[in-house]
Amino acid sequence: MLILGIETSCDDTAAALLEVKSGRFRLLNHLTASQTKLHAKYQGIVPEVAARAHLETIIPVLTEVLGHPVETRHASSLLDAIAITTGPGLITSLLIGVETAKALSFAWDVPLVSVNHIEGHIYSVLLSPVAFSETQHAASLQDIKFPAIALIVSGGHTELILMSARGGSASGGKNRGQYRLLGRTRDDASGECFDKAAKMLGLPYPGGPEISKRAKKGNPAAFDLPRPMIHEPGFEFSFSGLKNAIRLLIENIGRDVACNVSTKNDLCAAIEQAIVDVLVYKSLSAVTKYKPKTFILAGGVAANKKLRQTLSDNLPKSTRFLLPQPEYCMDNAAMIAVAAYHQIKKKKFVKYDKLKADANWELV
Ligand code: KG4
Ligand code: ZN
């Protein structure tokens, strides 16, 4: 089976060609055109700018991934489906991918599968490096044993989800109860907290990688930051209080001092530690309560080494820890193609004239 994945929900224009052989995934080609530099000067994503960039980039990205112009039918005749992210995300960004996928489906006569972006992140844990040889063990859907718990951490999401069975998010935009929300953030997402803290420290966007790079040279105990909601019952998160505490701390020590290299490293280490402590504590509480067979960490913040290591050190041995290769943590189209596979097997296709983008599509 050959699946073409397309992802344009935020600020990355991405396409991927995924082969599934005997139920095992093999990524043949993928490309993500990042708009990070374009948005860096605004310290955040400007939807209008993102949509224009998607429009300019989508066809060149598809041409590169397919290995030929989209108007030639060569590879399309081998395709079994086009997997497209229809939500959640920025509506102006989503529409570029969705309308492109609809046009290709009509022109090539290849069926469409509608994929939830968060479900894509969950399935990113099954992707192997692109240079993966066939003799190595490639992942299959069976690698996720149920019940499973997924911690989704990105610029827009911080959620703990209980999965009782394989997803099925394309079924008319509704899932069938396989996903249960244990808790989510009440305000800012964890990635957003990294990004906003970085902005306060004069570091470039996206802030997560910058903070974690500096944190390695700093002392996390140098500053005392709160761990919001850590001891409250339940699995909800809140990061806006931490963001305010960081702002007050910077004001107290003085902006000049905060921008001194070693103080900045210490601040980064303290910020990273506070965020990781909350995410890990809540995750381990959920694991104690629900005893999942699999624990999944996914989303852009899953690239954070401290978070990966701390979870790996503390999860019980009876729980299998699945996490994406660093290259598949950030938004990409390969994860969208993987998430589409179980829907394709069940022939859950959407006709091009029925496919719609849904900016607020909730997985749970
Ligand atoms: O999943 P993603 O690519 O886009 C969204 O769907 O939001 O996640 C982007 C987020 C940004 O907030 C970025 O700062 C964060 O992931 N991020 C990190 C790291 N790499 C990316 N946060 C902490 N540590 C990292 N190494
Ligand atoms: Zn994402």
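Values below: all heavy atoms of this structure, side chains included; hydrogens, waters and symmetry mates excluded. Whatever order the structure lists them in is the order used to number ligands and atoms, beginning at 1.
In terms of polar-atom proximity, G155 is counted as a contact of ligand 1, with an N or O under 3.5 Å from an N or O of the ligand.
At the top of the distance list for atom 15 (C) of ligand 1, counting protein heavy atoms only, stands V301 CG2, 3.9 Å. Given atom 24 (N) of ligand 1, the protein heavy atom at minimum distance is N304 ND2, 3.0 Å. Among all non-hydrogen protein atoms, the one lying nearest atom 14 (O) of ligand 1 is D195 OD1, 2.7 Å.
The F194 neighbourhood of ligand 1 comprises atoms 22 (N), 23 (C), with distances under 4.0 Å to a heavy atom of that residue. In summary, the atoms of ligand 1 found under 4.0 Å from a heavy atom of A303, numbered by their order in the structure, are 20 (N), 26 (N). Residue G191 has at least one heavy-atom neighbour below 4.0 Å for each of these atoms of ligand 1: 12 (O). Interface atoms of ligand 1 facing G156, defined by a heavy-atom separation under 4.0 Å, are 7 (O). Ligand-side atoms of ligand 1 in range of H117: 6 (O), range being under 4.0 angstrom from any heavy atom. Near S212, the atoms of ligand 1 lying under 4.0 angstrom from a non-hydrogen atom of the residue are 26 (N). Short contacts between ligand 1 and P206, defined as distances under 4.0 Å to a heavy atom of the residue, involve ligand atoms 13 (C), 14 (O). Counting the atoms of ligand 1 from 1 in the order shown, those under 4.0 Å from a heavy atom of M330 are 3 (O), 21 (C).
Ion pairing between R52 and E48 holds under the 4.0 Å rule for side-chain N and carboxylate O. Between E192 and K196, at least one side-chain N (NZ, or NE/NH1/NH2) sits under 4.0 Å from a carboxylate O, which counts as a salt bridge. The residues R320 and D143 are annotated as salt-bridged, a charged nitrogen and a carboxylate oxygen being separated by less than 4.0 angstrom.
Contact annotation: C10 places no N, O or S atom under 2.8 Å from the Zn ion (ligand 2). The nearest N, O or S atom of H157 is not closer to the Zn ion (ligand 2) than 2.8 Å.
Distances from atom 20 (N) of ligand 1 to the heavy atoms of A302, A298, G300 put G300 nearest. The heavy atom nearest to atom 6 (O) of ligand 1, considering only D11, T32, D331, is found in D331.
When the N, O or S atoms of D331 are ranked by distance to the Zn ion (ligand 2), OD1 comes first.
A centroid separation of less than 6.0 Å is found between the aromatic rings of H30 and Y328.
If you look at H121 next to ligand 1, the close heavy atoms, those under 4.0 Å, all belong to the side chain.
Side chains of T13 and H54: a donor-acceptor N/O pair is present below 3.5 angstrom, by distance only.
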